[in-house]
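Some notes on the structure that comes next.
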Amino acid sequence: MNSEEANSSWIDYYRKHGYVVLEKILPLELVDAHVTACEEIQHRHGIYQKFPWRKDPLKNEKAFVEELLALDDNHEPTKSLRNDPTLRQYLNALFQEEAVLKYGSTSLWERGREPHSDTVMLFCDPPEKVCRTWCALEDIDPDCGMFYVIPGTHNNERIRIYDEVLSSNPEIFDLLRSPSPNDSESAFLENRAIWKVVCKKTISLTQGLPRVPFSINKGDVVLFDPNVIHGTMPTPNPSLTRKAIVTEWHTQSVRSYSYSEYFGSQHDKRQLSPAN
């Protein structure tokens with residue numbers, strides 16, 4: 001799909017399947033300038049693809065990540081790329097109101113993710129006013145660990161996972177009903193404990209469901225609903241990069257709820273939460 005096909009048919013497809021691919025959206029000169037800046041930071045910190053920082057933490061990992069994030073504010077090609085006007089037009093059409101960029105992050109190689117939903121720990125309401133983008137910064141090789149989605153799982157599958165987790169793990173109810181931890185370490189451990197249980201259930205319930213992987217080209221963009229279950233394919237060739245930017249967009253009307261406020265039909269305290 002290209003910019004000339006920007007009509008309601010792609011929106012209908014997105015609503016039904018939870019994703020849509022937009023071809024040749026991002027200006028290649030901006031893509032190349034951003035990638036060059038990222039690679040300069042990567043080499044300056046001595047972090048290479050054969051030593052993925054997620055799997056082999058290095059002493060300078062934090063500085064590396066912080067410098068990558070700083071490109072969003074200090075590097076004009078990166079700022080222009082993330083706020084591409086053509087992409088914004090699609091998002092405005094999808095939302096039927098002005099899209100607001102919430103955040104973005106760049107990845108240089110495949111980090112390995114099991115099937116999951118991005119809204120398990122932070123639910124956004126109304127969900128149709130939130131969208132994520134997966135923007136290819138290079139031609140994506142099928143052996144690099146392709147990003148994939150499981151079509152249609154943005155509608156009911158996530159609620160089913162919530163409910164089955166609570167039915168089979170009553171101890172999660174205790175965590176949800178207890179006061180939130182005051183210190184960051186305890187909060188992290190609680191978050192991690194719930195996330196691991198949900199991911200295990202997600203893997204179990206999505207076995208056998210068809211995956212749609214994206215072997216797309218530089219400048220192409222996948223719009224996907226954060227509620228759709230997605231992940232990455234196996235990586236037959238770990239020496240390959242998989243350069244991409246992931247961004248999240250929403251409207252001003254969206255409210256966010258933590259897992260302690262909303263965790264499916266059995267634990268819904270949204271009406272008790274003050275406005276954001």
Side-chain angles (χ1 to χ4, degrees), residues 1-35 69 71-107 117-119 122-138 140 147-155 158 212 214 216-230 243-257 262 270 275-276:
M1 182 179 296
N2 56 44
S3 58
E4 295 179 355
E5 297 171 310
N7 53 51
S8 60
S9 63
W10 73 266
I11 297 179
D12 294 340
Y13 185 94
Y14 175 91
R15 296 293 184 210
K16 179 178 180 180
H17 299 284
Y19 78 96
V20 70
V21 178
L22 308 177
E23 297 177 353
K24 301 178 180 179
I25 294 295
L26 302 177
L28 298 187
E29 65 275 11
L30 293 180
V31 171
D32 291 340
H34 175 66
V35 169
L69 293 174
L71 291 176
D72 296 341
D73 298 318
N74 304 325
H75 189 244
E76 288 302 322
T78 298
K79 292 164 64 175
S80 298
L81 186 65
R82 293 188 346 139
N83 289 281
D84 178 72
T86 301
L87 179 58
R88 187 181 284 274
Q89 286 177 4
Y90 273 98
L91 292 161
N92 290 345
L94 179 65
F95 295 152
Q96 290 298 295
E97 57 183 294
E98 187 69 23
V100 177
L101 177 62
K102 185 175 182 180
Y103 73 86
S105 64
T106 298
S107 62
S117 167
D118 288 335
T119 57
L122 189 67
F123 177 71
C124 296
D125 193 22
E128 66 272 12
K129 299 293 186 178
V130 183
C131 178
R132 289 197 175 184
T133 72
W134 198 95
C135 310
L137 302 179
E138 63 181 350
I140 304 301
F147 170 63
Y148 71 80
V149 303
I150 304 180
T153 52
H154 58 303
N155 293 319
R158 177 178 48 78
V212 175
F214 302 105
I216 56 179
N217 296 318
K218 180 167 66 174
D220 294 348
V221 176
V222 181
L223 302 186
F224 68 102
D225 188 315
N227 291 299
V228 78
I229 295 173
H230 58 280
K243 300 181 177 73
I245 290 181
V246 176
T247 63
E248 180 168 301
W249 299 77
H250 58 78
T251 67
Q252 293 286 5
S253 62
V254 167
R255 292 181 60 189
S256 299
Y257 299 91
Y262 180 76
R270 287 175 292 176
N276 291 353

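Position 1 is the first residue of the sequence; numbering continues from there.
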- Query: To the nearest 0.5 Å, how far apart are CD in Gln96 and OG1 in Thr251?
  - Reply: 11.5 Å
- Smallest heavy-atom separation, Phe224 atom then Asp118 atom, equals CE1-OD2, 3.8 Å
- Item | Leu26 CG to Arg82 CZ distance, which is reported to the nearest 0.5 Å | 12.5 Å
- Query: Salt bridge or not for Glu97 and Lys129, using N-O below 4.0 Å?
  - Reply: yes
- Message: Checking Tyr103 against Arg132: is there a side-chain donor and acceptor pair closer than 3.5 Å?
- Response: yes
- Message: Centroid separation under 6.0 Å, is that true for the rings of Tyr90 and Trp10?
- Response: yes
- Message: Whether the side chain of His154 engages the backbone of Arg15 through a donor-acceptor N/O pair (distance < 3.5 Å, no angle test) should be reported.
- Response: yes
- Query: Taking Tyr19 for the side chain and Tyr148 for the main chain, is one N or O donor matched with an acceptor at less than 3.5 Å?
  - Reply: no
- Item | Shortest non-hydrogen contact between Tyr13 and Val20, atoms and distance | CD2-CG2, 4.2 Å
- Task: Taking Arg88 for its side chain and Asn83 for its backbone only, find out whether a donor-acceptor pair lies under 3.5 Å.
- Result: no
- Could you give the distance from CD (Glu248) to SG (Cys131), rounded to the nearest 0.5 Å? 9.0 Å
- Where do Val130 and Cys124 come nearest, in terms of heavy atoms and distance? CG2-CB, 3.5 Å
- What is the distance from atom NZ of Lys16 to atom CG of Asn155, rounded to the nearest 0.5 Å? 11.0 Å
- Message: Evaluate Lys24 against Asp220 for side-chain contact (heavy atoms from CB on, under 4.5 Å), listing each step before the verdict.
- Response: CA-CA 5 Å; Lys24 301 178 180 179; Asp220 294 348; 4.2 Å; yes
- Might you point out which heavy atoms bring Leu71 and His34 nearest each other, and give the distance in Å? CD1-CE1, 4.1 Å
- Give the ring-plane orientation class for Phe147 versus Trp134, where under 30° counts as parallel, over 60° as perpendicular and anything between as tilted. parallel
- Spacing of SG belonging to Cys135 relative to CG belonging to Leu81, to within rounding of 0.5 Å: 7.0 Å
- Message: Under the criterion side-chain contact (heavy atoms from CB on, under 4.5 Å), I'd like the reasoning laid out for Asn92 against Glu98: C-alpha separation, chi angles, the key distance, then a yes or no.
- Response: CA-CA 5 Å; Asn92 290 345; Glu98 187 69 23; 3.7 Å; yes
- Item | Considering all heavy atoms, the nearest Leu30-Ser80 contact | CD1-CB, 3.8 Å
- Item | Taking every non-hydrogen atom, the tightest pair across Tyr257 and Asp125 | CE1-CB, 3.8 Å
- Test item: Glu138 side-chain N/O and Lys243 main-chain N/O as donor-acceptor pair under 3.5 Å: yes
- Message: Within this structure, what is the NE2-CG distance for the pair His250 and Leu101, rounded to the nearest 0.5 Å?
- Response: 8.0 Å
